[in-house]
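All residue numbers refer to positions in the sequence shown, counting from 1. Because only heavy atoms are used, hydrogens play no part in the values below, and waters and symmetry mates are left out as well, while side chains stay in.
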Amino acid sequence: MEHAIESTAAPDGQRNSSTNTDSNRVIITKRAIFDALYSLMEERDFSKISVGDILERSGVSRTTFYRCFQDKYDVVNWSFKRFKEINPQFKGEYHSFATSLRVQLDYLARHQRYFAQALRYKGQNSLREAMYDVNEEYLLQCWREAMGPVDPDYPVRAAAQFTAAGMSEVLARWVTDGCAEAPDEVIRALCKLVPPQLMELLY
């Protein structure tokens, strides 16, 4: 089953569940763990799945699992963060907030049931936290691309945090509500809510 998880290679042996810089060997292992969790979540609620269930389904040892991930929530967060490498250097493709946002919306909608289950968990290491981190970092990356290697001042950081928090919560509710609204409707609404000074600076 294809779940649209992409691979990015790095020196062999490097492991980091929060980034896309793993070796091919580690990516293969993480993918096996993710595939096991994904298939389990088609059969039962996320809250009823244990690490032991994932190990049994994937054939991965407990030691190997914990070399790759902290827990089952980390598996979900890793799969979300790999939805697309949105990087300011690719502005020829992601030329606006709307087009970069669509990549995330399309990915979430394609795997709505999987992500909806995960989003119901609101504790430590939650997907909601991961979504916020990804969206804040994307906004700040865009700022640095436009302004150079100078840290943004507080008003810019606050605007990015405000936008990332609101955007992540809107997307989380959209997914858990079944992606009822069309992506274009969500994008139009979010674009109107981004602080104008941030939108002008980034795009």
Give a yes or no on whether a salt bridge exists between Lys48 and Glu43, defined as a side-chain N under 4.0 angstrom from a carboxylate O.
-> no
Treat each ILVMFWY residue as a node, draw an edge where side-chain heavy atoms are under 4.5 Å apart, and state whether Tyr132 and Leu193 are in one component.
-> no
Val76-Leu105 co-clustered via ILVMFWY side chain contacts under 4.5 Å = yes
Following the transitive rule for hydrophobic clusters with a side-chain heavy-atom cut-off under 4.5 Å over Ile, Leu, Val, Met, Phe, Trp and Tyr, establish whether Leu108 and Tyr73 coincide in one cluster.
-> yes
Any luck finding a side-chain donor-acceptor pair between Arg128 and Ser168 under 3.5 Å?
-> no
side-chain contact (heavy atoms from CB on, under 4.5 Å) evaluation trace for Arg82 with Ile27 | CA-CA 11 Å; Arg82 298 188 66 81; Ile27 288 291; 3.8 Å; yes
More than 12 heavy atoms of other residues, nucleotides or ligands under 6.0 Å from CD of Gln124: is that the case?
-> no
Quick one: does Asp45's side chain have a donor or acceptor within less than 3.5 Å of a partner on Ser47's backbone?
-> yes
Distance-only, no hydrogens or angles: does the Thr176 side chain make a donor-acceptor pair with backbone N or O of Arg173 under 3.5 Å?
-> yes
Considering all heavy atoms of both residues, which atom of Tyr38 and which atom of His111 are nearest to each other, and what is their separation?
-> OH-ND1, 2.8 Å
Closest non-hydrogen atom pair, Asp74 against Asn125 = N-ND2, 3.5 Å
Could you tell me which non-hydrogen atom of Cys68 sits nearest to which non-hydrogen atom of Thr29, and how far apart they are?
-> SG-CG2, 3.9 Å
Separation between NZ of Lys122 and CG of Leu127, rounded to the nearest 0.5 Å = 12.5 Å
Answer yes if the ring centres of Tyr107 and Phe80 are under 6.0 angstrom apart, and no otherwise.
-> no
Verify the cluster assignment for Ile28 and Ile54: are they in a single hydrophobic cluster under the rule of side-chain heavy atoms below 4.5 Å apart?
-> no
Interatomic spacing from CG in Leu119 to CD in Gln117 - rounded to 0.5 Å | 10.5 Å
Work out which heavy atom in Ile49 is nearest to a heavy atom in Lys72; give both atom names and the distance.
-> O-NZ, 2.7 Å
To the nearest 0.5 Å, tell me how far Arg31 CZ sits from Asn24 CG.
-> 13.0 Å
Is there side-chain contact between Pro149 and Arg144, with at least one heavy-atom pair below 4.5 Å?
-> no
With side chains defined as the heavy atoms from C-beta onward, is the minimum distance between Asp133 and Glu137 less than 4.5 Å?
-> no
The reported gap from OG in Ser79 to CD1 in Ile33 (rounded to nearest 0.5 angstrom) is 12.0 Å
So if you build clusters from Ile, Leu, Val, Met, Phe, Trp, Tyr with side-chain heavy-atom gaps below 4.5 Å, do Tyr114 and Tyr121 land together?
-> yes
Given Asn135 and Gln104, is the side-chain contact (heavy atoms from CB on, under 4.5 Å) satisfied, shown in steps?
-> CA-CA 10 Å; Asn135 289 321; Gln104 189 173 163; 2.9 Å; yes
Could you check if a side-chain atom of Leu40 sits within less than 4.5 angstrom of a side-chain atom of Phe46, using non-hydrogen atoms only?
-> no
Between Phe69 and Phe65, how do the two ring planes meet: parallel, tilted or perpendicular, split at 30° and 60°?
-> tilted
Does the pair Glu136 and Leu140 meet the rule for a side-chain contact (heavy atoms from CB on, under 4.5 Å), with working shown?
-> CA-CA 6 Å; Glu136 180 191 22; Leu140 292 176; 4.0 Å; yes
On a heavy-atom basis, the closest approach of Leu55 and Ser61 is CD2-O, 3.8 Å
Gap separating the CG atom of Asp153 from the CE atom of Met147, nearest 0.5 angstrom | 9.0 Å
When you look at CD of Glu169, are more than 12 heavy atoms from neighbouring residues, nucleotides or ligands closer to it than 6.0 Å?
-> yes
Answer yes or no: is there a donor N or O on one side and an acceptor on the other, between the side chain of Asp53 and the main chain of Ser50, under 3.5 Å?
-> yes
side-chain contact (heavy atoms from CB on, under 4.5 Å) between Leu171 and Leu190, worked out = CA-CA 10 Å; Leu171 294 182; Leu190 286 172; 4.1 Å; yes
Can you tell if the side chain of Phe162 reaches within under 4.5 Å of the side chain of Pro195, non-hydrogen atoms only?
-> yes
Main-chain N/O of Glu181 paired to Trp174 side chain as donor or acceptor, under 3.5 Å | yes
Do the side-chain N and O atoms of Asn77 and Glu129 include a donor-acceptor pair separated by under 3.5 angstrom?
-> no
Indicate the atoms forming the closest heavy-atom contact of Arg157 with Pro152, along with that distance.
-> NH1-O, 3.1 Å
Would a 4.5 Å heavy-atom cut-off, applied to side chains only, mark Met167 and Met131 as touching?
-> no
